[in-house]
Amino acid sequence: MRFDVLTLFPEIFSGYMTQSLLKLAIERSLVSIHLHNIRDWSRDKHKCVDDRPFGGGPGMVIKPEPVVEAVEDVQGRDQQTGHVVLLTPQGRQLNQTLVEELATHKRLLLLCGRYEGFDQRVSDLLEPDEVSVGDFVLNGGEVAAMTLIDTVIRLVPDVLGDENSSRLDSFSSGPYPENKRLLEHAQYTRPREFRGLEVPEVLLSGDHTAIAKWREQNSLERTRERRGDLLEHTDSPKQEPKP
Ligand code: SAM
């Protein structure tokens, strides 16, 4: 899976890309991340990409020309164009259903805003998929883009050691009954007893049927306690992979 990230601060990604799961996925050529500095498309001699908002008001707005030209240029460099995602608090809210949808694309092009965001004509012309990571305002789209990448790569085949790992995660469309998206069951590891708290006996029994039943029950209970809203929703049929 390929990600192209258009940002004014590509350096923010360097630590993230060189650690842990993403580092391994890149080394194994399962994922590639291409960073592009929007400033490189500025025609201004000072590489300026923002200006004051028409009508007045605080802050600066990212100009449309460098962004639209950057997207056209980056898209044109490869036969397979990317699905364009613009990170904005005003977009559809990222959740596991949307993550699964985004993971059906082979290439995603992520647009990270800064300041007061992009000039409206960026959206009018590119018609991107506008995505928010939550009802709060970040200083820039980079952390949102990393969140999106981090969630999507978990669904790229072979990125996780065990395919079941993401299938069993909270909110996943994996194993739960009646197409519900539930919270994952409680997890335990060694020691068997810690400060008087013991691991449930059934998990030590080796009886896989009983363990599966306990986990499903635990999953349902904690979803009911913590996120009853999830039990009210039933998933629509699964999406086919997109070219
Ligand atoms: N003035 C904008 C508004 O109120 O809608 C917020 C601009 S924010 C300070 C700057 C940039 O951060 C945005 O253009 C966007 O790319 C990113 N951003 C902020 N919050 C976000 C969120 N919740 N989800 C995704 N991106 C976000």
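Both ligands and their constituent atoms are indexed starting at 1 by order of listing. FYI, the numbering just counts along the sequence from 1.
- Between the side chains of Ser132 and Gln90, no donor-acceptor pair of N or O atoms lies under 3.5 Å.
- Each of Asp4, Asp73, Thr7 was evaluated against His36; a single residue qualifies, Asp4, per the side chain to side chain donor-acceptor pair (under 3.5 Å) test.
- Not counting sequence neighbours, His233 has no partner by the ring pair (Phe, Tyr, Trp, His ring centres under 6.0 Å) test.
- Between Leu111 and Leu87 there is no side-chain heavy-atom pair separated by less than 4.5 Å.
- Residues with a heavy atom under 4.0 Å from ligand 1: Leu87, Thr88, Pro89, Gln90, Gly113, Arg114, Tyr115, Glu116, Gly117, Val131, Ser132, Val133, Gly134, Phe136, Val137, Leu138, Asn139, Gly140, Gly141, Ala144.
- Arg114 is linked by a side-chain contact (heavy atoms from CB on, under 4.5 Å) to Leu8, Phe9, Ile12, Ile62, Asn139, Glu142, counting only residues two or more places apart in sequence or in another chain.
- Within the structure, every pair that satisfies the salt bridge (charged side-chain N to carboxylate O under 4.0 Å, His left out) test and touches residues 119-128, not counting sequence neighbours, is listed here: Asp119-Arg121.
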